[in-house]
Amino acid sequence: MEKARLAGVLALAVVTAVTVGAEFPKTAAQRQEAAEYRAILEAAPLAQVEGEAQSPNGQFRVETAGRTDQYISGWIVPEFLQVTSTDSGAVLWQDQGWLTQSAAWSPDSRFLALAYSTRTQSGLKVVDTQTWTDWDFTLPDGSPIPEYVFFPEDWARWRGDSSLEVTLGRGDGEEVHTYRCSMTADESGQLTGSVLEETAEVLLEDYDFDHDGVPETTELVAVEEPGGGNVAWYELHIASRTGTADAPRPLFDGTLALQHPGWGSFLAVTMEGEDNFLMFAPVMYQGDADYRYELVSFCTDGSAELLDSGAVTFDINFGREGHQFDAGRIAEFFWHLREYLQNSTVLVSTENGEFQTGIPGLELQNYMFGDLLSLDSLASMEAAVLRQEAEMKAAQGAA
């Protein structure tokens, strides 16, 4: 028992000696070294906020505050990362500081996206300035950003007031991924978000939809379903190259889904040597159909000029009271549509739940009427629609 007590006293003496030695250098050289390091810390700059420090509406500012003793890569890690009121200076939201922090505000100033990093780890928070709650970004499977995966300089792009596009990976051998974050508030007012991975490609063909002599940038984006694997929808973004790299001038943003309610097609149409834009939407619910198209050109101010449009409605509930199915009107609709499709290229189509791009417009297969667009006369189209009508009547047992 006495030996055990004596061993404990000796152990405590050793720990005390080591601790005292660490806190109080024994030699003048050690004291000088500590003083020099303290001078370096005091002279080192505090890590600041990169990107958009002030909100677009001028009401808020994000900044670092306070100094820690963490000296990394020539910078002092701040004690706090704060959002303050530009009028009063009051702190409205606060979190710990990081080695790097970069800010990107939503266009309406409601949301603030903050990307941050240490030497090995990156993270992203989104702050809601209406509730002052925040949400932490994760990958679509719920996992955090892996170690040594960092944000590039242009890591954020707001697609709207509540939709954030985030890029991870800096290239140079590091795989780059892009994610779509959608922000909402739950019933308690807590900010939440959903994350989907997306891939984007700029179509190689040049089209001048606003006729200003400079081809537009046409970008096709595929957004995956939650958990990844399958595509949920496609987006087409057209922007004028006469805008700036930081503020491109958008001309069109459209979405097409692979699920039935979102079927449709976007096409480039050549008419008298000029490029125009065609939207075709064949919609059907519970046997009621509404098919329509719009042909437009874009103006240099970003607006659209309607050049032509067409629509036809019908239903395939042949035994229902008030049923309407006019084969002549349906054929006439497709005949006019065919006039544009014969000089067109599909930019993106999801008709029949099938993704198509880069094919001639006349190769589109329609959900209800098969290869109707391949017929080269109005009479043959009407005959084909009548045959389709007879087959559907027979299948339903209608008179």
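Computed from heavy atoms alone, side chains included, the values below leave out hydrogens, waters and symmetry copies. Computed from a predicted model, the values in this text were never measured in an experiment.
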Legend entry - S377 side chain vs S380 backbone, donor-acceptor pair below 3.5 Å: yes
Inset, instruction - Could you tell me which non-hydrogen atom of A104 sits nearest to which non-hydrogen atom of W158, and how far apart they are? - result: O-NE1, 3.3 Å
Inset, instruction - Report the relative orientation of the aromatic rings in Y291 and F280; use parallel for angles under 30°, tilted for 30 to 60°, perpendicular for over 60°. - result: perpendicular
Legend entry - Co-membership, hydrophobic cluster, residues F151 and F111, 4.5 Å side-chain: yes
Legend entry - Flag, side chain of T118 to backbone of Q121, donor-acceptor distance under 3.5 Å: yes
Inset, instruction - For residues D210 and S240, report the shortest heavy-atom separation together with the two atoms involved. - result: OD2-OG, 3.9 Å
Inset, instruction - To the nearest 0.5 angstrom, please state how far the CG atom of N230 sits from the CD atom of E225. - result: 5.0 Å
Legend entry - Listed once per pair and sorted, the ring pair (Phe, Tyr, Trp, His ring centres under 6.0 Å) pairs that draw on residues 182-205, sequence neighbours left out: none
Legend entry - side-chain contact (heavy atoms from CB on, under 4.5 Å) assessment of V127 paired with L114: CA-CA 8 Å; V127 181; L114 289 167; 4.3 Å; yes
Legend entry - V62-L46 co-clustered via ILVMFWY side chain contacts under 4.5 Å: no
Inset, instruction - Is it possible for you to say whether F80 and V91 belong to one hydrophobic cluster, with membership spreading through side-chain heavy-atom contacts below 4.5 Å? - result: no
Legend entry - Stepwise side-chain hydrogen bond (donor to acceptor under 3.5 Å, both in side chains) test for T68 and E79: CA-CA 5 Å; T68 68; E79 187 176 5; over 6 Å; no
Legend entry - Aromatic ring pairing H323/F318, orientation class (parallel under 30°, perpendicular over 60°, tilted between): tilted
Legend entry - Polar contact flag, side-chain donor to acceptor under 3.5 angstrom, S163-S182: no
Legend entry - Parallel, tilted or perpendicular: rings of Y148 and F150 (30°, 60°): perpendicular
Inset, instruction - Test F252 against every option in F209, F277, Y207 by the ring-ring contact (aromatic ring centres under 6.0 Å, His included) rule and name the one that passes. - result: F277
Inset, instruction - Write down the atom of W105, the atom of T129, and the distance for their closest heavy-atom approach. - result: CZ3-CG2, 3.8 Å
Inset, instruction - Measure the spacing between CG of L81 and CD of Q96 and express it to the nearest 0.5 Å. - result: 9.0 Å
Inset, instruction - With side-chain contact (heavy atoms from CB on, under 4.5 Å) as the test, would you mind laying out the steps for T184 and S162 before giving the verdict? - result: CA-CA 8 Å; T184 58; S162 61; over 6 Å; no
Legend entry - Single-linkage hydrophobic cluster, 4.5 Å side-chain cutoff, L236 and V346 together: no
Legend entry - Note, F137 side chain near V195 side chain (heavy atom, < 4.5 Å): yes
Legend entry - Between D87 and S85, a side-chain donor and acceptor under 3.5 Å: no
Legend entry - Sidechain-backbone polar pair: S349 side chain, Q356 backbone, donor-acceptor under 3.5 Å: no
Inset, instruction - State, yes or no, whether a side-chain contact exists between H177 and E175 at a heavy-atom distance under 4.5 Å. - result: yes
Inset, instruction - Could you tell me whether the side chain of D275 reaches within less than 4.5 Å of the side chain of V269, counting heavy atoms only? - result: no
Legend entry - Qualifying salt bridge (charged side-chain N to carboxylate O under 4.0 Å, His left out) pairs, either residue in residues 316-326, two or more places apart: D288-R320, D315-R320
Legend entry - Derivation of the side-chain hydrogen bond (donor to acceptor under 3.5 Å, both in side chains) call for T217 and R241: CA-CA 6 Å; T217 297; R241 292 180 184 172; 3.2 Å; yes
Inset, instruction - For the residue pair L267 and T345, establish whether any side-chain heavy-atom pair is separated by less than 4.5 Å. - result: no
Inset, instruction - Provide the closest heavy-atom pair for R67 versus A44 in the form atom of the first, atom of the second, distance. - result: NH2-O, 2.8 Å
Legend entry - Contact check, side chains of T313 and Q324, non-hydrogen atoms, under 4.5 Å: yes
Legend entry - L164 versus A113, closest heavy-atom pair with distance: CD2-CB, 3.7 Å
Inset, instruction - Give a yes or no on whether M183 and Y179 share a hydrophobic cluster (residues Ile, Leu, Val, Met, Phe, Trp, Tyr; joining criterion: side-chain heavy atoms under 4.5 Å apart). - result: yes
Legend entry - Donor-acceptor side-chain pairing of E63 and Q82 below 3.5 angstrom: no
Legend entry - Between CG on residue L341 and CD on residue E363, distance to nearest 0.5 Å: 11.5 Å
Legend entry - Short side-chain donor-acceptor distance under 3.5 Å, W93 and D134: yes
Using atom types as modelled, flag every donor-acceptor pair under 3.5 Å from a side chain in residues 293-308 to any protein atom, sequence neighbours excluded.
residue, atom, partner, partner atom, Å
Y293, OH, D308, OD2, 3.4
D301, OD1, S303, N, 2.9
D301, OD1, S303, OG, 2.6
D308, OD2, Y340, OH, 2.5

Inset, instruction - Could you grab the distance from atom CD of E198 to atom CZ of R180, nearest 0.5 Å is fine? - result: 4.0 Å
Legend entry - Residue pair M271, N343: steps toward the side-chain contact (heavy atoms from CB on, under 4.5 Å) verdict: CA-CA 8 Å; M271 299 171 55; N343 295 306; over 6 Å; no
Inset, instruction - Could you tell me whether a side-chain N or O of D141 sits under 3.5 Å from a main-chain N or O of S143, the two making a donor and an acceptor? - result: yes
Inset, instruction - Would you sort out whether R110 and D128 count as a salt bridge (charged side-chain N to carboxylate O under 4.0 Å, His left out), showing the intermediate values? - result: CA-CA 6 Å; R110 174 173 177 177; D128 184 351; 2.8 Å; yes
Legend entry - CG-OG1 distance between L196 and T178, expressed to the nearest 0.5 angstrom: 13.0 Å
Legend entry - CZ-CZ distance between R159 and R157, expressed to the nearest 0.5 angstrom: 4.0 Å
Legend entry - Expected output: side-chain E382 to main-chain R329 donor-acceptor under 3.5 Å: no
Inset, instruction - May I ask you to test the E219-E235 pair for a side-chain heavy-atom distance under 4.5 Å? - result: no
Inset, instruction - Say whether, by atom type as modelled, one donor and one acceptor occur between the side chain of W263 and the main chain of L258 under 3.5 angstrom. - result: yes
Inset, instruction - Would you please test L278 and L337 for side-chain contact (heavy atoms from CB on, under 4.5 Å) and show each step? - result: CA-CA 10 Å; L278 180 70; L337 179 62; 4.0 Å; yes
Inset, instruction - Kindly say whether Q59 contributes a backbone atom to a donor-acceptor pair with the side chain of S55 at under 3.5 angstrom? - result: yes
Inset, instruction - Report the C-alpha distance between S122 and S117 in whole Å, list the side-chain angles of each, state the deciding distance to 0.1 Å, and finish with yes or no for side-chain hydrogen bond (donor to acceptor under 3.5 Å, both in side chains). - result: CA-CA 4 Å; S122 295; S117 70; 5.0 Å; no
Legend entry - Any R338 side-chain heavy atom under 4.5 Å of L362 side chain: yes
Inset, instruction - Locate the shortest heavy-atom distance separating M284 from A289; write the atom from each residue and the value. - result: CE-CB, 3.5 Å
Inset, instruction - Could you tell me whether the side chain of F325 reaches within less than 4.5 Å of the side chain of I330, counting heavy atoms only? - result: yes
